[in-house]
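Take a look at the structure below.
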Amino acid sequence: MRERDPEKSRQSILEAAEEEFAQKGFWGARVDEIAARAQINKRMIYAYFGDKEGLYQQVLFWVYARMEEAERQLMGRKLSGKALIREIISVYFDFLQQNPTFVSILMWENLNQGRYLKAMESSRIRRDTLAAIERELEEGKATGVFRKSLDSRQTALSLITVCFANFSNQYTLSRLFDTDLTHPSGIRERKEHTVQLMLAALCHDTEGGKRHATHPMD
């Protein structure tokens, strides 16, 4: 094992742990394997993170922080209305495509009913960017871009779940629909369809025509 400075050691451990947990989940992952991946003495893992659970929770925090940073950069562009919806979906698709371990770790955590995420302090996983997205949705309602009856909290939730499902289910859906949803062209097609789907749900007007604001479905 080679000597390193503490920050580089910690980073190497997190990267190795993310791969191990993504492949095997919390219960299947082994500290010995993480140490071997990181090329580090496993005693350093315990020194930095306390135990396997502490390491896993730090990995959860780390992957969520990356997603929040992607959202923060998007919100810093000061987009609004339809342009914001289009870019939110684009950012989520791009992030999930580039971070397959994020998808796998969240799927494992959901299989465990969010056990370890629940044990973390709320301040560690709170994403202020989600509140910012909700505020922009409310502004879109006020300016008439989005339906007045739109539920901003539910819409923010739907933007995440609709995008995530394309990646969490891409292998089974590829088989069922006899296509390759993992291919870049397939991902681009799904991204554009998701944009059109969400805009049709959020706005009065769609490419198919404009609905009256007092339509019963509004």
Side-chain angles (χ1 to χ4, degrees), residues 1-76 88 90-133 156-157 159-161 163-172 181-182 184 187:
M1 300 295 175
R2 62 183 184 274
E3 294 294 328
R4 303 184 179 138
D5 68 68
E7 188 53 41
K8 285 185 178 180
S9 295
R10 192 172 183 280
Q11 183 76 12
S12 295
I13 293 168
L14 285 172
E15 291 173 357
E18 182 175 339
E19 291 288 341
E20 183 75 3
F21 288 130
Q23 290 179 12
K24 303 172 184 176
F26 176 79
W27 297 108
R30 295 290 178 266
V31 174
D32 285 335
E33 290 297 322
I34 293 170
R37 283 177 182 268
Q39 297 184 316
I40 202 167
N41 192 306
K42 73 175 184 179
R43 288 178 301 196
M44 297 186 71
I45 295 177
Y46 295 116
Y48 287 125
F49 301 101
D51 54 20
K52 180 181 171 182
E53 185 170 325
L55 174 59
Y56 178 73
Q57 288 183 329
Q58 185 59 36
V59 169
L60 280 176
F61 170 76
W62 195 39
V63 296
Y64 269 113
R66 292 208 304 271
M67 170 67 90
E68 183 177 23
E69 179 57 27
E71 292 169 338
R72 183 173 288 110
Q73 289 184 17
L74 168 63
M75 299 309 292
I88 286 174
S90 182
V91 165
Y92 282 158
F93 263 77
D94 292 348
F95 180 87
L96 295 168
Q97 183 180 7
Q98 295 162 15
N99 292 268
T101 52
F102 175 90
V103 177
S104 296
I105 287 172
L106 263 62
M107 290 173 69
W108 281 112
E109 183 62 11
N110 275 291
L111 284 173
N112 286 319
Q113 300 179 330
R115 173 178 177 175
Y116 297 100
L117 202 62
K118 290 175 183 176
M120 295 171 64
E121 293 182 10
S122 297
S123 60
R124 298 197 70 205
I125 58 172
R126 183 184 299 117
R127 281 156 57 184
D128 294 335
T129 48
L130 296 181
I133 290 172
L157 178 60
L159 284 167
I160 295 172
T161 55
C163 294
F164 188 80
N166 284 280
F167 295 86
S168 62
N169 296 358
Q170 61 184 352
Y171 299 107
T172 51
L181 296 175
T182 68
I187 293 173

Do you know which two heavy atoms are closest between Ile34 and Ile13, and how far apart they sit? CG2-O, 4.1 Å
With a 4.5 Å limit on heavy-atom distance, are the side chains of Asn166 and Leu181 in contact? no
Does anything in residues 92-105 form a salt bridge (charged side-chain N to carboxylate O under 4.0 Å, His left out)? List the pairs, not counting sequence neighbours. Asp94-Lys191
Indicate yes or no: does Arg37 engage Glu33 in a salt bridge with an N to O separation below 4.0 Å. no
Lys/Arg-Asp/Glu bridge criterion (N-O < 4.0 Å) met for Arg66, Glu69: no
For Ala22 and Ser104 the tightest heavy-atom approach is O-CB, 3.5 Å
Show the nearest heavy-atom pair for residues Phe164 and Leu106, with the distance to one decimal. CZ-CB, 4.0 Å
Aromatic plane relationship, Tyr116 with Phe26 - under 30° parallel, 30 to 60° tilted, over 60° perpendicular: tilted
Output the distance between atom CD (Glu68) and atom CG (Asp128), rounded to the nearest 0.5 Å. 6.0 Å
Minimum heavy-atom distance Pro6-Tyr48, with the two atoms named: CA-OH, 3.1 Å
Validation row: Phe49, Gln57 side chains within 4.5 angstrom (heavy atoms): no
What closest approach, in Å, do Met44 and Ile40 show between heavy atoms, and which atom pair accounts for it? SD-CG1, 3.5 Å
Could you tell me if Gln11 and Glu15 have a donor-acceptor pair between their side chains, going purely by distance under 3.5 Å? yes
